[in-house]
There are 2 protein chains.
Amino acid sequence: MAIEPPLRQSPALLPPLDGDPHLPLYRRLYLAFAQQIARGAWRPGDSLPAETRIAELYRIAPGTVRKAIDELADRRLVDRRHGQGTFIARPNFDNAMLRFFRFRDDRGAPVLPESRILHRGVICLPAALAQRWSIPEAEMIHLARERSWEGQVRLIEDIYLPAVPFAALLEAEESSIGPLLYPAYERLCGQVVYGIEEDIVIRDAAGPDRARLGLGPGALAVEIARIARNAVGEPLEWRLSRAEARRFRYHLALGMEGPDAAWPHDPASMKA
Amino acid sequence: MAIEPPLRQSPALLPPLDGDPHLPLYRRLYLAFAQQIARGAWRPGDSLPAETRIAELYRIAPGTVRKAIDELADRRLVDRRHGQGTFIARPNFDNAMLRFFRFRDDRGAPVLPESRILHRGVICLPAALAQRWSIPEAEMIHLARERSWEGQVRLIEDIYLPAVPFAALLEAEESSIGPLLYPAYERLCGQVVYGIEEDIVIRDAAGPDRARLGLGPGALAVEIARIARNAVGEPLEWRLSRAEARRFRYHLALGMEGPDAAWPHDPASMKA
DNA sequence: AAGTGGTCTAGACCACCCG
DNA sequence: GGGTGGTCTAGACCACTTT
């Protein structure tokens with residue numbers, strides 16, 4: 001059982017519906033709620049008011065509220081629980097990087113690598129990365145990190161964060177950051193990652209990376225360039241990770257995924 | 001402008017709603033329609049009857065029909081066109097393999113490789129693959145194929161198909177199959193791929209593959225194991241592809257994808 | 001003008017979870 | 001038992017496309 005913080009009461013205030021009046025009502029409601037999540041006004045675990053209550057407060061039909069929350073649920077911003085309520089979701093993208101590599105314990109469960117922060121400070125974003133991500137060469141917070149399995153450095157990461165919501169990360173004790181960054185972003189800076197986008201390339205390992213990863217000359221590296229986004233799609237973090245190509249693996253599904261799953265209400269799935 | 005076959009009229013008959021009566025109505029409607037597509041009774045480009053018409057014929061509320069079609073549209077089985085109607089979709093997963101590799105023309109558009117079929121016949125599925133995919137070592141249709149760019153073999157593929165709907169593929173002239181298999185499956189066998197699932201691994205290239213791909217000793221290969229599925233998620237094709245690892249690239253998005261897109265009705269997106 | 005999908009309303013009743 | 005989300009009904013009116 002994972003330890004969960006106690007749920008907060010329903011947010012006292014619903015946000016105003018002030019978006020572009022040309023947009024459909026359910027869309028404006030969706031955007032207003034997503035904005036509350038992105039601003040940190042609603043945090044993971046919080047419960048929303050009941051759908052009928054929301055409809056009363058905004059004086060709109062329950063079906064319209066339902067459609068807005070349908071879309072929030074589709075994008076995994078909220079989590080509906082039949083009979084209980086609707087709650088702000090806490091996604092888990094931090095381990096998403098680990099799904100790429102082959103480190104498992106005897107029972108096949110993923111092994112959490114050790115994490116060491118080599119540098120933490122403010123730098124100017126290198127031109128090559130600014131161009132790659134189409135962002136200005138501004139001052140940003142930089143973290144350099146190494147992650148190790150079995151006593152060997154296996155993953156090198158350079159992480160860039162906008163100074164504005166992430167300043168607290170510079171002040172914090174290293175021990176208070178811990179091995180997983182996204183929970184630290186939430187704990188220390190109130191920022192939650194709801195989506196990631198990755199570009200993956202296999203190429204010859206750069207000289208310095210090769211040395212740090214303990215690879216021979218001519219070794220290939222996998223390079224993963226990631227952008228992490230908040231509930232309204234604004235970028236929160238840019239990350240460039242490198243590892244030995246030979247250990248890379250990945251699973252992916254597009255469109256229909258397997259035989260149409262048994263339905264939750266289907267008694268057939270309750271059998272023995 | 002792509003050349004499109006003429007649209008067929010609305011299917012004369014709607015399927016009966018005979019699924020498990022414990023399922024929600026909209027779900028039974030979804031399953032009945034998806035089944036029509038998988039059976040080939042409804043083909044890409046066909047138009048559905050209007051939502052209100054469907055509601056009349058089944059004597060159910062229009063909102064229920066709408067929810068069923070919402071889900072078909074979410075999974076890209078149908079394509080809604082405001083003011084026109086709803087049409088069975090023709091997905092394009094065939095080029096999906098090409099998105100992995102770096103072959104582009106001067107304008108950055110993907111280059112279609114040459115395709116050569118080396119073997120076409122019935123074989124018993126090799127035990128290693130049967131285990132990998134958890135399917136029996138039954139007799140299957142086998143295609144071995146090489147795809148070349150710039151005069152060099154760059155992609156090796158072994159393809160396995162169940163004999164039942166694909167027998168026509170053995171009789172067909174090779175010229176009638178063409179360089180893209182999924183369109184051939186549709187044309188010759190009436191089977192349409194609506195989803196794929198892939199496992200990607202980087203490993204040392206096997207000796208025979210190395211020779212065919214023109215790689216030196218110690219070269220790394222990317223190996224892609226794919227399952228292709230029809231509209232109800234049943235597997236249609238199993239495929240194992242190998243290529244030089246160094247040319248591999250991939251782009252991937254999970255969850256929120258970029259700033260919330262401008263809305264179709266949003267006048268701001270119509271500007272200049 | 002006619003026909004289509006898109007939005008919104010205003011309910012009823014059911015299934016599920018908790019105290 | 002009371003509150004929650006889940007399903008379903010039966011309309012009205014709007015926006016878009018084609019004839």
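Proteins get letters first, then strands, A, B, ... in listed order; numbering begins at 1 in each.
- Separating the CG atom of Leu17(A) from the P atom of dC8(C) is a distance of 10 Å, rounded to the nearest angstrom.
- At whole-Å resolution of the value, CZ in Phe87(A) and C1' in dG5(D) are 11 Å apart.
- The ring-ring contact (aromatic ring centres under 6.0 Å, His included) search around Phe33(A) returns Trp42(A), not counting sequence neighbours.
- One interatomic measurement links the two molecules: OH of Tyr30(B) to P of dT7(D), which rounds to 15 Å at whole-angstrom precision.
- Looking at residues two or more places apart in sequence or on another chain, you find no salt bridge (Lys or Arg N to Asp or Glu O under 4.0 Å) involving Arg187(B).
- Contacts of Ala32(A) classified as side chain to side chain contact (heavy atoms under 4.5 Å, CB included), with partners at least two apart in sequence or in another chain: Pro15(A), Leu17(A).
- Rounded to an integer number of Å, the gap from His22(B) NE2 to dA15(C) P is 10 Å.
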Distances for protein N or O near nucleotides 3-5 of chain C N or O, under 3.5 Å:
from, atom 1, to, atom 2, distance (Å)
dG3(C), N2, Gly83(B), O, 3.0
dG5(C), OP1, Thr86(B), OG1, 3.2
dG5(C), OP2, Glu51(B), N, 2.9
dG5(C), N2, His82(B), NE2, 3.3
dG5(C), N3, His82(B), NE2, 3.3

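- Contact annotation: Lys67(A) side-chain N/O to dT7(C) OP1/OP2 distance is under 4.0 Å.
- Applying the side chain to side chain contact (heavy atoms under 4.5 Å, CB included) test to Ala225(A) and every residue at least two apart in sequence or in another chain returns Arg132(A), Trp133(A), Asp199(A), Leu240(A).
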What does the list of N/O pairs under 3.5 Å between the protein and nucleotides 9-12 of chain D look like, with a distance for each?
from, atom 1, to, atom 2, distance (Å)
dT9(D), OP2, Ala61(B), N, 2.8
dT9(D), OP2, Thr64(B), OG1, 2.8

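- Donor-acceptor pairing under 3.5 Å is lacking for the side chains of Gln191(A) and Tyr182(A).
- In this structure, Arg147(A) has no salt bridge (Lys or Arg N to Asp or Glu O under 4.0 Å) partners at least two apart in sequence or on a different chain.
- Note on Tyr26(A): every side-chain N or O is 4.0 Å or more away from OP1 and OP2 of dC8(C).
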Candidate pair Leu29(A) and Ile60(A), rule side chain to side chain contact (heavy atoms under 4.5 Å, CB included), full reasoning: CA-CA 11 Å; Leu29(A) 198 54; Ile60(A) 61 183; 4.0 Å; yes

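- As a whole-Å value, the separation of Asp74(A) CG from dG6(D) C1' is 15 Å.
- Spacing between atom CG of Leu23(A) and atom P of dG6(C) amounts to 16 Å, rounded to whole angstrom units.
- Under the salt bridge (Lys or Arg N to Asp or Glu O under 4.0 Å) criterion, Arg53(A) pairs with Glu56(A), sequence neighbours left out.
- The nearest whole Å value for the distance from the CG atom in Asp70(A) to the C1' atom in dC8(C) is 15 Å.
- Remark: Asp70(A) pairs with Arg80(A) by the salt bridge (Lys or Arg N to Asp or Glu O under 4.0 Å) rule, at least two apart or across chains.
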